[in-house]
Asks: 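First, the structure itself, so that you have it in front of you.
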Amino acid sequence: QVQLVESGGGLVQPGGSLRLSCAASGFTFSSYAMSWYRQAPGKERELVAAISSGGSANFGSSVAGRFTISRDNVKNTVYLQMNSLKLEDTAVYYCNAGRSIFIKGNYWGQGTQVTVSS
């Protein structure tokens with residue numbers, strides 16, 4: 001069974017940093033593109049960052065320059081390093097696995113809450 005399990009969310013002050021992790025199992029991780037999406041209450045789910053099987057990355061415009069995405073194919077884990085966090089970054093962050101960094105994949109994690117508040 002495909003499983004994506006996010007961790008690392010929590011409460012952080014504006015300007016702070018947080019690193020999210022997504023542990024994957026049940027599929028050939030190294031052959032998949034991995035992405036992070038987020039959804040705030042009343043908002044559409046939006047792309048945060050994506051990384052291809054070859055390491056190419058794509059970022060949503062709202063986080064470009066502040067967030068980075070990386071993957072460890074030995075640990076079957078994808079990471080999202082979030083820096084210079086803003087109030088607007090508050091959302092549930094979801095891990096996604098698919099065939100392309102440009103489209104949503106079929107597999108989702110349960111989500112982890114990130115709250116940016118002073």
Asks: Check the hydrophobic clustering (I, L, V, M, F, W, Y; side-chain heavy atoms under 4.5 Å; chains of links allowed) and say if Trp108 and Val92 are grouped together.
Replies: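 Hydrophobic grouping puts Trp108 with Val92.
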
Asks: Can you find a pair of side-chain heavy atoms, one from Leu18 and one from Leu85, that are under 4.5 Å apart?
Replies: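 Side-chain contact under 4.5 Å: yes.
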
Asks: Can you hop from Met34 to Val74 via hydrophobic side chains spaced under 4.5 Å?
Replies: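 Unlinked, Met34 and Val74 end up in two clusters.
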
Asks: Can you name the nearest heavy-atom pair linking Leu80 to Ala49, along with the distance?
Replies: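 Shortest heavy-atom contact: CD1-CB, 4.0 Å.
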
Asks: Can a cation-pi geometry be assigned to Arg71 and Tyr32, taking NZ or CZ under 6.0 Å from the six-membered ring centre and within 45° of the ring axis?
Replies: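 Verdict for Tyr32: no cation-pi partner in Arg71.
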
Asks: For a quick test of reading the model, state the closest non-hydrogen atom pair linking Ile69 to Ala57 and the distance between them.
Replies: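 Here Ile69 and Ala57 meet closest at CG2-CB, 3.9 Å.
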
Asks: Would you check if there is a donor-acceptor pair between the side chains of Glu46 and Gln39 at a distance under 3.5 Å?
Replies: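 No, no side-chain donor-acceptor pair sits under 3.5 Å.
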
Asks: Taking Asn96 for its side chain and Gly105 for its backbone only, find out whether a donor-acceptor pair lies under 3.5 Å.
Replies: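 It does hold such a pair.
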
Asks: How long is the straight-line distance from CD1 of Ile51 back to OG of Ser56, given to the nearest 0.5 Å?
Replies: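 Between atom OG of Ser56 and atom CD1 of Ile51 there are 8.0 Å.
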
Asks: If you round to the nearest 0.5 Å, how far is OG1 of Thr68 from CZ of Arg19?
Replies: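 Answer for the CZ-OG1 pair, Arg19 versus Thr68, is 9.5 Å.
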
Asks: Below 4.5 Å, heavy atoms only, C-beta onward: do Tyr93 and Val48 meet side chain to side chain?
Replies: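 Side-chain contact under 4.5 Å: yes.
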
Asks: So how far is it from Ser52 OG to Arg99 CZ, rounded to the nearest 0.5 Å?
Replies: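 Answer for the OG-CZ pair, Ser52 versus Arg99, is 14.5 Å.
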
Asks: Using 0.5 Å steps for rounding, measure from the CD atom of Gln3 to the CD atom of Gln110.
Replies: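 Result: 9.5 Å between the selected atoms.
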
Asks: So Trp36 and Val78, do their side chains get closer than 4.5 Å, heavy atoms only?
Replies: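 Counting from C-beta outward, Val78 and Trp36 do come under 4.5 Å.
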
Asks: Between Thr77 (side chain) and Lys75 (backbone), is there a donor-acceptor pair under 3.5 Å?
Replies: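 Yes; at least one donor-acceptor contact below 3.5 Å.
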
Asks: Going by atom types alone, do Arg66 and Ser17 pair a side-chain donor with an acceptor below 3.5 Å?
Replies: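 No - no donor-acceptor pair under 3.5 Å links their side chains.
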
Asks: Indicate, with yes or no, if Phe29 and Ile101 share a hydrophobic cluster defined by side-chain heavy-atom contacts under 4.5 Å among Ile, Leu, Val, Met, Phe, Trp and Tyr.
Replies: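 In one cluster: no.
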
Asks: So does Phe67 get a backbone contact from the side chain of Gln81, meaning a donor-acceptor N/O pair under 3.5 Å?
Replies: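 Absent.
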
Asks: Given side-chain contact (heavy atoms from CB on, under 4.5 Å), test Ser31 with Ser53 step by step and report yes or no.
Replies: CA-CA 5 Å; Ser31 69; Ser53 60; 5.5 Å; no

Asks: Does the structure place the NZ or CZ of Arg45 under 6.0 Å from the centre of the six-membered ring of Tyr94, at an angle of no more than 45° from the ring's axis?
Replies: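 The answer is yes, since Arg45 meets both limits relative to Tyr94.
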
Asks: Within the 4.5 Å heavy-atom criterion, are Pro14 and Ser118 side-chain neighbours or not?
Replies: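 When only atoms from C-beta onward are counted, Ser118 and Pro14 do touch, with a gap below 4.5 Å.
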
Asks: Taking Ser30's backbone N and O only, do any of them form a donor-acceptor pair with Thr28's side chain (distance below 3.5 Å, no angle check)?
Replies: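 No, Thr28 side chain to Ser30 backbone: no donor-acceptor pair under 3.5 Å.
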
Asks: Closest approach of Ala91 and Ala40, non-hydrogen atoms and distance?
Replies: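 For Ala91 versus Ala40, the nearest heavy atoms are CB-N, 3.9 Å.
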
Asks: Looking at Tyr107, I'd like to know if its OH atom is crowded, meaning that more than 12 non-hydrogen atoms belonging to other residues, nucleotides or ligands lie closer than 6.0 Å.
Replies: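 For Tyr107, atom OH is not crowded (no more than 12 foreign heavy atoms under 6.0 Å).
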
Asks: Atom CG of Leu4 and atom OG of Ser25: how far apart are they, to the nearest 0.5 Å?
Replies: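 It is 7.5 Å, given to the nearest 0.5 Å.
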
Asks: With distance as the sole test, does Thr90 use its side chain to make a donor-acceptor pair with the main-chain N or O of Val116 at under 3.5 Å?
Replies: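 Flag set: sc Thr90 to bb Val116 pair under 3.5 Å.
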
Asks: If you look at every heavy atom in Val114 and Gly9, which pair is closest and at what distance?
Replies: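 Taking Val114 first and Gly9 second, the nearest heavy atoms are CG2-CA, 4.2 Å.
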
Asks: Carefully, step by step, assess Ser62 and Arg38 under the rule side chain to side chain donor-acceptor pair (under 3.5 Å).
Replies: CA-CA 12 Å; Ser62 63; Arg38 69 185 184 187; 3.1 Å; yes

Asks: Are Leu47 and Tyr79 linked, directly or through other ILVMFWY residues, by side chains that come within less than 4.5 angstrom of each other?
Replies: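 In one cluster: no.
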
